[in-house]
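What follows is a set of notes on a single structure, which appears directly below.
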Amino acid sequence: MCRVAAVTLAFTLACSAIPATAQQKPGPDPARGGDRSSVGMRSVTGTVKKVTEKGLVVVGRETGQKDKEWAFVLDAGTRIEAGGKSATELRAGDAVTVTYTNRDGKIVAQSVTVKTP
C-alpha cells in the first residue's frame, strides 16, 4: 500500500511539472539572428546627413545591404578620426565609415572615420 502511494505521488509530481516547462518561452536563437543587443562591432559606410552634439545621422549601408538612414549616438568613448576634426566640425556631405555597437537598444558610434577626398 505504501509503495502504491509513493508511485502515485511521484507520478502526480512529474505530471504537474510538464505544463510548467511547456509554458516557458524559448530564448532567442543566435544562429537565426535573434537578439542583436549583444552583437559585436559592425560598420556603416556612407555620407553625413546631420550632426548634433549628441548624435550623427548617416545615409549609408552595411556590407551587402541597401542604403538607409542610420542615427548614431555619440558618447565620451566615441573616437573621431578626421584629421584633427572634432564631432562638431563634421559637416553634411562628409564621407564617413562609422563603427558601432548596439547597447541597450541604442546604436552607439565607437569610431567615426572621415574619408579624405
Partner set under side chain to side chain contact (heavy atoms under 4.5 Å, CB included) for R79, not counting sequence neighbours: E81, S111
State, yes or no, whether a side-chain contact exists between R42 and Y100 at a heavy-atom distance under 4.5 Å. yes
Taking D75 for the side chain and G77 for the main chain, is one N or O donor matched with an acceptor at less than 3.5 Å? yes
Under a 4.5 Å side-chain heavy-atom rule over Ile, Leu, Val, Met, Phe, Trp and Tyr, are V48 and V57 clustered together? no
Under a 4.5 Å cut-off applied to non-hydrogen side-chain atoms, are Q110 and F72 in contact? no
Is the shortest side-chain heavy-atom distance between L56 and V98 below 4.5 Å? yes
V58 side chain reached by T47 side chain, heavy atoms, under 4.5 Å: no
Taking only residues two or more places apart in sequence, or in another chain, which ones meet K49 in a salt bridge (Lys or Arg N to Asp or Glu O under 4.0 Å)? E69
Enter the distance from R91:CZ to K50:NZ here, rounded to the nearest 0.5 Å. 14.5 Å
Side chains of R61 and K68: closer than 4.5 Å at any heavy-atom pair? no
Between W70 and G60 (side chain of the first, backbone of the second, donor and acceptor by atom type, cut-off under 3.5 Å), is there such a pair? yes
Please tell me if the side chains of V114 and L90 come closer than 4.5 Å, counting only heavy atoms from C-beta onward. yes
